[in-house]
Amino acid sequence: MAPSALTPPDEDFPRWYQDVVAKAEMADNGPVRGTMVIRPYGYALWERMQAEMDWRIKRAGAQNAYFPIFIPESYFAREAEHVEGFSPELAVVTHAGGEDLAEPIVVRPTSETVIGEFMAKWVQSYRDLPLALNQWANVVRWELRPRLFLRSSEFLWQEGHTAHASYDDAHAYALTIHHDVYDEFLREVLAAPAFLGIKPPSERFAGAVNSLTLEGMMRDGKALQMGTTHELGQNFSRAFNIVFQTEAGGSGLCYTTSWGASTRLVGGLVMMHGDENGLVVPPRLAPIQAVVLSVRDDATLLEAAARLRDGLAGEGVRVELDRGRASFGRRVTDWEIKGVPVRVEVGPRDLEAGQATLVRRDTGEKEAVALGAVPTRVGALLEEVQRALYERARRFRDERTVEVGSVDEAAAAAQEGFARLGWALVDGEGEARLREAAITVRCLQRADGSVPESPDEEGLVCIVGKSY
RNA sequence: CGGGCUGUAGCGCAGCUUGGUAGCGCGCUGCGUUCGGGACGCAGAGGUCCCGGGUUCAAAUCCCGGCAGCCCGACCA
């Protein structure tokens, strides 16, 4: 076995992460600090995430729209907590068209304000509600410590924004997004088990009355927030005057929500499933699910490989034929680094036996399959890999999530993973003590793991850990 | 934004202490032999030594100021 092209993850996890992102040709740093150039393979992964989230978002009743990247600074000032929370991260345009601007323009860090302004215009009657919008966009949050995908000054995301006639309706919608869009996407496509819960007040979105979160565990034991949904109460409706005429003829103030998932998920994918040989992409997400490669640059083999490619494509497998001229071993490692779930190898010995060799990326296991059976077998294998990745990630997470009985125990246990303990033990001073150990409360749950209504419910537990 | 480390070919690095012709490995190009887990031979191409200023006959090397990257912290999707 050749030496790995990557820094071993156990030796230096951040370095390993960078190696994977670079060698899998996912992204490069941009010329301005914190900016990111997303390369075709990285973007293909994001496009797959977009496609899988987009239809679920539409299924949840939201429509796509687009709002401007430039927002009047005065909009931010209208919601006190919001402006306070985002001010440090804003990029502001003060000069344009060769002149100083009368009013500075903010480059959007998120779009609650501008969308709120237009919701106020569009919502007249209870019949206009709920109003559910989503946009796919770039946003800018000036980052002091950027990392490719995980924390860049400009990133891509979807942001959903909804307005409802009642608290109950807004709350129910937030839960729908939380479960039926984000959690379902994470579980079924990204093979990513997450802890679902709500943020403690200290970790809430600026301007929200409640923030729901999905927290995944990376292979270094740290937490990554993989999606959030905010109940904004009437804070933004009040600030932007999103009012409607009620069925009874009175006047109502909307309840709004906002929710987002970003290109950070691409980084999460790397860190949740990757291994010492590079990226490992869950089949349902993979832009390339299977790659067919002939062991030699030989006309007969290439022809057989092309037939296999056609057969797989015919079964709906996203398949690519490797026509590279590099040595076989080199081509294998290159596809491994990119995390393609299944390799279909065909060599002279295979051909003689009328078979191909299938190799799964997650375990490295090989199996010989008759040529005619390859498409069917690959389809089944992809599903097996999908399940196995989820199970492996879930086991890993559960093994590193320990129940503890005090803040001190939590501080020790959460160095290598998560700790779970009573929220009452942490609420208040405990949070500050954990923070000294670089540990934060990732989410609050009920004892049975379900999502609570508010941090004030009795008997809640919290999951704490280090985070990205 | 604070502390630490670093910037030399696409990538990884040596050279800097003690100023004097810019190097190595991988990658890249061409030809040939190869190909069942990062192949090999021969011949080549490729450099504003991060940027700006200063010292000097002379700066990759010394001094000052920026910019960028990485790690740790505070902040965050």
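Here is how names work: the chains are called A, B, and so on, in the same order as the sequence lines, proteins then strands, and each is numbered from 1.
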Counting the atoms with a prime plus P, OP1 and OP2 as sugar-phosphate, which does [X] contact under 4.0 Å by heavy atoms, base, sugar-phosphate, or nothing?
X        : answer
A:Gly324 : nothing
A:Thr263 : nothing
A:Glu143 : base
A:Pro146 : sugar-phosphate
A:Lys466 : nothing
A:Ala438 : sugar-phosphate
A:Asp298 : nothing
A:Gly347 : base
A:Ser152 : base

Between the base of B:rG37 and the side chain of A:Arg343, is there a donor and acceptor pair under 3.5 angstrom? yes
Side-chain donor/acceptor of A:Lys366 to base of B:rG37, under 3.5 Å: yes
Roughly, in whole Å, what's the span from [atom1] in [X] to [atom2] in [N]?
X        : N      : atom1 : atom2 : value
A:Met36  : B:rG69 : CE    : C1'   : 16 Å
A:Asp334 : B:rC26 : CG    : P     : 17 Å
A:Tyr468 : B:rC75 : OH    : P     : 18 Å
A:Asp12  : B:rC70 : CG    : P     : 12 Å
A:Asn29  : B:rA68 : CG    : P     : 11 Å
A:Asp350 : B:rC35 : CG    : C1'   : 14 Å
A:Arg296 : B:rG36 : CZ    : C1'   : 8 Å
A:Lys222 : B:rG73 : NZ    : C1'   : 11 Å

[atom1] of [X]: more than 12 outside heavy atoms within 6.0 angstrom?
X       : atom1 : answer
A:Glu84 : CD    : no
A:Glu47 : CD    : yes
A:Gln63 : CD    : no

Salt bridge A:Arg330-A:Asp334, side-chain N to carboxylate O under 4.0 Å: yes
Presence of salt bridge, A:Arg435 and A:Glu203, under 4.0 angstrom: yes
So is A:Arg147 actually on top of A:Tyr17's ring, under 6.0 Å and inside 45° of the axis? yes
Measure from NZ or CZ of A:Arg78 to the centre of the six-membered ring of A:Tyr75, then state whether that distance is under 6.0 Å and the direction lies within 45° of the axis. yes
Look at the aromatic rings of A:His82 and A:Phe236 and report parallel, tilted or perpendicular, splitting at 30° and 60°. perpendicular
If the plane angle is over 60° it's perpendicular, under 30° parallel, otherwise tilted; pick one for A:Trp136 and A:Trp46. perpendicular
Kindly say if [X] contacts the phosphate of [N], meaning a side-chain N or O under 4.0 Å from OP1 or OP2.
X        : N      : value
A:Arg264 : B:rC76 : no
A:Gln158 : B:rA77 : no
A:Arg145 : B:rC72 : yes
A:Arg325 : B:rG30 : no
A:Ser327 : B:rC35 : no
A:Arg33  : B:rG69 : yes

Per nearest nucleotide of RNA chain B, the residue lying toward the 5' end, A:Gly34 or A:Glu154, is A:Gly34
Could you check A:Ser294 against A:Leu150 and say which one's nearest nucleotide on RNA chain B is further toward the 5' end? A:Ser294
What integer number of Å spans the [atom1] atoms of [N] and [M]?
N      : M      : atom1 : result
B:rC28 : B:rA68 : C1'   : 26 Å
B:rA22 : B:rG4  : C1'   : 30 Å
B:rU21 : B:rA59 : C1'   : 15 Å
B:rG15 : B:rA9  : C1'   : 15 Å
B:rU8  : B:rA14 : C1'   : 9 Å
B:rC63 : B:rG20 : P     : 15 Å
B:rC26 : B:rC72 : P     : 32 Å
B:rC24 : B:rG47 : P     : 15 Å

Ignoring the backbone of [X], work out which of [options] is nearest its side chain.
X        : options                : result
A:Leu144 : B:rC35, B:rG37, B:rC1  : B:rC1
A:Gln18  : B:rC71, B:rG37, B:rC76 : B:rC71
A:Arg349 : B:rG69, B:rG36, B:rC71 : B:rG36
A:Arg330 : B:rG69, B:rG37, B:rG27 : B:rG27
A:Asp297 : B:rC76, B:rC71, B:rC35 : B:rC35
A:Arg15  : B:rC13, B:rG36, B:rC75 : B:rC13
A:Gln225 : B:rA77, B:rC71, B:rC35 : B:rA77

Base-pairing mate for [N] - Watson-Crick or G-U, with both contacts under 3.5 Å:
N      : value
B:rG19 : none
B:rG44 : B:rC28
B:rA74 : none
B:rC67 : B:rG7
B:rA39 : B:rU33

Set out, in order, the CA-CA distance, both residues' side-chain angles and the distance that settles side chain to side chain donor-acceptor pair (under 3.5 Å) for A:Thr363 and A:Arg360, then state yes or no. CA-CA 6 Å; A:Thr363 61; A:Arg360 50 190 280 183; 3.3 Å; yes
Contact check, residues 76-83 of chain A vs RNA chain B, heavy-atom distance under 4.0 Å, returns none
Centroid under 5.5 Å and tilt under 30°, A:Phe155 to B:rA77: yes
Check whether any side-chain heavy atom of A:Pro341 sits under 4.5 Å from a side-chain heavy atom of A:Asp362, and report yes or no. no
Heavy-atom side-chain proximity of A:Glu416 to A:Arg400 below 4.5 angstrom: yes
